[in-house]
Amino acid sequence: MATPVVHVKESEDDVSNSLCELVISRASAAIKTKGLFVIGVSGGSAAKFLCNGLPSAVTEWDKWRVFFCDERYVPFDDPECTYTVYKNGLLSKVPALADYVYPINPAIPLEEAADEYLGKIRTVFPGDGIPRFDVLVLGMGPDGHTCSLFPDHPLLKEDEQLVAPIADSPKPPPGRITLTFPVINNASCAVFASCGAGKADIVQKVLEGSGDNPLPAAMVRPTQGEVVWFLDVAAASKLKSQHKL
Ligand SMILES: O=C(O)[C@H](O)[C@@H](O)[C@H](O)[C@H](O)COP(=O)(O)O
């Protein structure tokens with residue numbers, strides 16, 4: 001089970017640059033060895049970082065396959081829709097990627113949308129094995145949630161479904177679809193990017209907490225992969241142990 005590797009950066013810009021550098025380096029490695037790079041992305045500031053940092057640096061977009069670690073079950077024209085954030089922020093700059101980004105379908109019932117989404121993932125990971133994403137770019141909410149996996153929610157124990165619907169998200173909107181831990185912890189690389197003093201307490205709890213009743217973000221420990229955290233100084237300010245700058 002991977003031990004988190006924590007990089008503390010001077011600024012949010014440095015976190016953004018480091019995140020994009022990691023994604024780009026894993027993409028070239030994956031494309032070189034497998035001819036394809038499969039990534040899961042999240043909303044929030046991760047979306048801002050990736051939409052800003054990737055367009056000018058990536059060339060082989062046709063070898064990318066982009067999924068969402070979680071998505072809100074809302075129409076595409078809802079500002080809460082993570083796909084639309086990426087459509088406006090990334091696809092507007094890299095139209096060629098549009099065929100390789102897989103949105104969730106908000107126009108069918110939630111459970112069906114989850115099943116349909118797994119079907120899209122299966123186009124890249126055929127069969128019934130657990131999909132192994134090259135990179136999952138994750139955010140962490142102020143409550144320690146990641147993807148749409150929230151503290152004390154039954155989905156934290158989900159070990160059958162690979163993609164799950166959630167209808168009672170404590171963070172609006174209530175309806176969402178999320179990857180579950182069997183997939184998350186089968187990734188080659190899970191990477192968090194968290195910035196700001198507002199995250200300092202939860203970062204300390206997640207990275208240095210006792211481990212009993214771990215928060216969702218602390219449960220991201222790929223069994224045969226790595227988990228990397230990029231923090232700015234403010235978000236890392238409550239950490240007791242020293243980390244690489
Ligand atoms: O659906 C969601 O609520 C978001 O995708 C969420 O999981 C996000 O990743 C965290 O809230 C961190 O967001 P920030 O990094 O912007 O704080």
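Ligands are counted one by one from 1 in listed order, and the atoms in each one are counted from 1 as well.
Protein heavy atom at the shortest distance from atom 5 (O) of ligand 1 is Gly43 N, 3.5 Å. Nearest to atom 16 (O) of ligand 1 among the protein's heavy atoms is Ser45 N, 2.8 Å. Looking only at protein heavy atoms, the nearest one to atom 4 (C) of ligand 1 is Arg72 NH2, 3.8 Å. In terms of protein heavy-atom proximity, atom 9 (O) of ligand 1 is closest to Gly139 CA, 3.4 Å. Distance from atom 6 (C) of ligand 1 to its nearest protein heavy atom, with residue and atom name: His145 NE2, 3.4 Å. For atom 17 (O) of ligand 1, the closest non-hydrogen atom on the protein side is Lys199 NZ, 2.5 Å. Scanning the protein heavy atoms around atom 13 (O) of ligand 1, the nearest turns out to be Gly44 CA, 3.9 Å. The shortest contact between atom 11 (O) of ligand 1 and any protein heavy atom is with Lys171 NZ, 3.3 Å.
Between Tyr86 and Phe68, a ring centre-to-centre spacing shorter than 6.0 Å is recorded.
Heavy-atom proximity to Cys147, at under 4.0 Å, picks out these atoms of ligand 1: 7 (O).
Using cut-offs of 30° and 60° for the angle between ring planes, the Phe67 and Phe133 rings count as perpendicular.
Of the N or O atoms in Ser148, none lie within a sub-3.5 Å distance of an N or O in ligand 1.
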